[in-house]
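Just below is one structure, and these are the notes that go with it.
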Amino acid sequence: FSRKKLSQPPTLASFTSNLQSLVSELKSETQANIAILSLPLIGEDLNQPVTQTSIGFSRAIQKIAKQQHIDYLPLQEAMLEHLNQYPTQPRYRYEKRHTVFVISLLRRLLGHTDQQISEKLGFRLHIDFLHLNKKGADMIVDLIEKFYIKYQYAGDDTNVH
């Protein structure tokens, strides 16, 4: 955590507290329709502890959205559904994430597309364990578009944030 200049290691409790405060402040400062997006999965091996941790954080995000009466955009759930329908076999485990990042960076410098990099490394939604490929990014776009349309057709398109 010191490398990222954080005052303390990130915990579920501190994350939840900070997000609660942020959402409360947003709600008090605007009349905009507010939505929060669940976290993307970290990697695609659902048995990895880091992936399970990200799932726990997204559950906290969903709970906050419900408590605060704001929209929740279920990115992680869409990713899980996709991976359950189309199982993946990443070539590397999360512990090799730095190696995978370098490989994906070098492939990009060689002109490979995100899709080519993903396929070579055995990912369906990621380029590496964190960065999304086009399919993963399109999931975000779809969720945001649905949120926007929901309020646009309600006659409230100037107030969506």
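Predicted model only: the values in this text are computed from it and were never measured. In what follows, residues are counted from 1 in the order of the sequence shown.
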Tell me, yes or no, whether the heavy-atom count around E25 atom CD, taken from other residues, nucleotides or ligands under 6.0 Å, exceeds 12.
-> no
Quick one: do L37 and M79 end up in the same hydrophobic cluster if we chain Ile, Leu, Val, Met, Phe, Trp and Tyr together by side-chain heavy atoms under 4.5 Å apart?
-> yes
Gap separating the CD atom of Q115 from the CD1 atom of I127, nearest 0.5 angstrom | 9.5 Å
S24 and S21: side chain donor to acceptor below 3.5 Å = no
Could you tell me whether a side-chain N or O of K27 sits under 3.5 Å from a main-chain N or O of Q68, the two making a donor and an acceptor?
-> yes
Distance, nearest 0.5 Å, that separates CG of L105 from CZ of R107 | 12.0 Å
Apart from Y86 itself, members of its ILVMFWY cluster (side-chain separation under 4.5 Å) are none
Pair Y94-E44, side-chain donor/acceptor within less than 3.5 Å = no
Is the number of heavy atoms from other residues, nucleotides or ligands within 6.0 Å of CD (E81) greater than 12?
-> no
Heavy-atom pair of closest approach, residues K120 and R91 = O-CD, 2.9 Å
With the 4.5 Å side-chain cut-off for hydrophobic clustering, are I36 and I42 part of the same group?
-> no
Rounded to the nearest 0.5 Å, the CG atom of N133 sits from the CD atom of E119 at a distance of 9.0 Å
Do side-chain atoms of T30 reach the backbone of L26 as a donor and acceptor pair under 3.5 angstrom?
-> no
Does the pair D128/R97 count as a salt bridge with the N-to-O cut at 4.0 Å?
-> no
Answer yes or no: is there a donor N or O on one side and an acceptor on the other, between the side chain of R124 and the main chain of L83, under 3.5 Å?
-> no
If you count the non-hydrogen atoms of other residues, nucleotides and ligands that lie under 6.0 Å from NZ in K146, is the total more than 12?
-> no
Taking a hydrophobic cluster as the set of Ile, Leu, Val, Met, Phe, Trp and Tyr residues connected by side-chain heavy atoms closer than 4.5 Å, whether directly or through intermediates, do Y92 and L125 fall within one such cluster?
-> no
Any L75 side-chain heavy atom under 4.5 Å of L41 side chain | no
Heavy-atom side-chain proximity of E145 to I149 below 4.5 angstrom = yes
Heavy-atom pair of closest approach, residues F147 and N33 | CZ-O, 3.5 Å
Got a salt bridge between D114 and K135, using NZ or NE/NH1/NH2 to carboxylate O under 4.0 Å?
-> no
Does the side chain of L121 come within less than 4.5 Å of S104's, by heavy atoms?
-> yes
What heavy-atom pair brings I34 and I70 nearest, and what distance separates the two atoms?
-> O-CB, 3.3 Å
Joint hydrophobic cluster, L132 plus V50, side-chain heavy atoms closer than 4.5 Å | no
Check whether any side-chain heavy atom of N18 sits under 4.5 Å from a side-chain heavy atom of L22, and report yes or no.
-> no
Distance from L106 atom CG to L109 atom CG, nearest 0.5 Å?
-> 6.0 Å
Quick check: are there more than 12 heavy atoms from other residues, nucleotides or ligands sitting under 6.0 Å from CD of Q89?
-> no
Could you grab the distance from atom CG of L143 to atom CG of D71, nearest 0.5 Å is fine?
-> 11.0 Å
Is there a donor-acceptor contact under 3.5 Å linking the side chains of Q52 and Q48?
-> no
Taking the six-membered ring for Trp, are F129 and F123 parallel (under 30°), tilted (30 to 60°) or perpendicular (over 60°)?
-> perpendicular
For F57, what residues pass the ring pair (Phe, Tyr, Trp, His ring centres under 6.0 Å) criterion, not counting sequence neighbours?
-> F15
Can you find a pair of side-chain heavy atoms, one from L130 and one from H126, that are under 4.5 Å apart?
-> no
Please set out all donor-acceptor pairs under 3.5 angstrom arising from side-chain atoms of residues 58-65, sequence neighbours excluded.
| from | atom 1 | to | atom 2 | distance (Å) |
| --- | --- | --- | --- | --- |
| S58 | OG | L39 | N | 2.9 |
| S58 | OG | S54 | O | 3.4 |
| S58 | OG | Q76 | NE2 | 3.2 |

Side-chain heavy atoms of L46 within contact of N84, under 4.5 Å | yes
